[in-house]
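Report on one structure; see the data block that follows.
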Amino acid sequence: MANDALTVAVLGPGGIGGLLAGLLARAGHRVICLAGEDTVQVLRRDGIRVRSGRFGDFTARVEADTVLREPVAACLVAVKHTALEAALDRVPPSALGDGLLVPFLNGVEHPAALRARYRPDLVAPAVIRVESTRVAPGVIEHGSPFAEIDLTGEGVDRKRLDAPALALEAAGPVTRVLDDETGALWAKMSFLAPFALLTTLHALPLGEVRTRHREELTALVEETAAVSRACGGPTDPARAMARYDAFPPQTKSSMQRDAEAGRPLELDAIGGALLRAADRHGVSVPVTARVVRELARQHA
């Protein structure tokens with residue numbers, strides 16, 4: 001193992017966590033995956049198998065446990081928001097020590113909750129742009145032709161962010177360290193919310209949503225941009241639409257995949273958070289409110 005190798009924990013080795021765990025392990029880092037007992041046994045026996053047009057098909061050996069038992073340089077949190085509270089029991093603050101907690105979570109409200117539980121100067125939120133799915137325990141399919149990470153952290157020493165950023169960049173994903181945490185989180189939210197809400201509502205991949213429901217998509221993009229602007233985030237509806245148009249037409253959101261599998265939806269973390277922010281700032285979002293209501297009724 002290289003002298004600059006890190007010990008990294010990954011809480012939730014699913015589509016995102018499993019991909020990052022596999023890439024980091026392949027690059028020579030020590031990776032400890034934290035999951036339930038059944039998944040732990042599979043990972044210990046078989047490792048993580050990744051199928052990716054971008055990074056190739058490979059198997060990486062990882063360690064696995066049900067709880068973090070030793071300090072690590074960083075713990076990547078890649079569970080769904082619906083499972084976050086229970087999953088965090090696997091990462092006691094005393095075990096994390098001085099390690100960074102790096103949440104790859106959807107939405108914009110989780111950093112405050114995590115800083116109430118862990119040392120605020122160790123919580124370094126990240127956003128990732130990728131389509132990656134766990135098709136079985138320890139088996140990951142990376143479908144997008146890209147994987148891009150923005151790492152940030154209000155109050156986190158910049159030097160503390162550089163080590164995991166360099167490790168992630170060298171392992172494969174294009175990785176940046178950004179100073180503006182609010183901007184980074186709202187940039188992701190502005191893209192994710194319309195995509196996740198409409199693909200799930202209509203049970204269609206992005207290609208059909210952007211053609212058959214383009215007017216609705218455009219309205220949702222404009223409303224989300226207005227909320228982002230009010231919260232101090234970026235706003236560029238035209239760029240968001242151009243990015244949707246550039247995605248492979250068969251692309252599905254993770255919320256849509258959860259709906260198809262009968263799993264709980266991150267509706268509150270995405271749609272609910274967007275509506276709460278709009279309400280705080282007095283921004284009118286009638287299309288978003290209707291879509292969230294319809295989704296709540298569909299999946300009650």
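All of these numbers come straight from a predicted model, not from anything done at the bench.
Residues passing the ring pair (Phe, Tyr, Trp, His ring centres under 6.0 Å) test with F146 are F247, sequence neighbours excluded. For A230, the side chain to side chain contact (heavy atoms under 4.5 Å, CB included) partners two or more places apart in sequence, or in a different chain, are H281, V283. Applying the ring pair (Phe, Tyr, Trp, His ring centres under 6.0 Å) criterion to H110, with sequence neighbours excluded, gives no partner residue. S228 pairs by the side-chain hydrogen bond (donor to acceptor under 3.5 Å, both in side chains) definition with nothing, not counting sequence neighbours. Scanning for ring pair (Phe, Tyr, Trp, His ring centres under 6.0 Å) contacts around Y118 gives an empty result, with sequence neighbours left out. Not counting sequence neighbours, the partners of L201 by the side chain to side chain contact (heavy atoms under 4.5 Å, CB included) test are L198, E216, V291, E294, L295, Q298. Checked against side chain to side chain contact (heavy atoms under 4.5 Å, CB included), T182 has the following partners two or more places apart in sequence or in another chain: D180, W186. Legend: residues meeting side chain to side chain contact (heavy atoms under 4.5 Å, CB included) with T7, ordered by chain and number and at least two apart, are R30, I32, V72.
Separating the CD atom in E222 from the OG1 atom in T288 is a distance of 11.0 Å, to the nearest 0.5 Å.
Legend: side chain to side chain donor-acceptor pair (under 3.5 Å) pairs involving residues 266-275, not counting sequence neighbours, sorted by first then second residue: N106-E266, D268-R276. Sorted by first then second residue, the salt bridge (charged side-chain N to carboxylate O under 4.0 Å, His left out) pairs that include residues 140-149, not counting sequence neighbours, are R51-E141, R129-E148. Within the structure, every pair that satisfies the salt bridge (charged side-chain N to carboxylate O under 4.0 Å, His left out) test and touches residues 79-104, not counting sequence neighbours, is listed here: K80-D258, E85-R117, D89-R117, D98-R119.
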Residues 19-28, side-chain donor-acceptor partners within the protein, below 3.5 Å, at least two apart:
{"from": "R26", "atom 1": "NH1", "to": "F55", "atom 2": "O", "distance (Å)": "3.1"}
{"from": "R26", "atom 1": "NH2", "to": "F55", "atom 2": "O", "distance (Å)": "3.3"}

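When atom types are taken as modelled, the side chain of T251 and the backbone of P248 share a donor-acceptor pair closer than 3.5 angstrom. Without hydrogens or angle criteria, R210 side chain to Y244 main chain gives a donor-acceptor distance under 3.5 Å. Judged purely by atom type and a 3.5 angstrom limit, R44 has no side-chain atom pairing as donor or acceptor with the backbone of V62. Side-chain atoms of T66 never come within 3.5 Å of backbone atoms of E37 as a donor-acceptor pair (strictly under, hydrogens ignored). Q256 places a side-chain N or O within donor-acceptor distance of the main-chain N or O of L204, the cut-off being under 3.5 Å. Of the possible donor and acceptor atoms, none in the side chain of T200 sits under 3.5 Å from a partner among the backbone N and O of L197.
We find that R214 and D245 are joined by a salt bridge, their nearest charged nitrogen and carboxylate oxygen being less than 4.0 Å apart. Between R115 and E181, at least one side-chain N (NZ, or NE/NH1/NH2) sits under 4.0 Å from a carboxylate O, which counts as a salt bridge.
Hydrophobic cluster membership differs between V102 and L88, with clusters built from Ile, Leu, Val, Met, Phe, Trp and Tyr side chains linked at under 4.5 angstrom.
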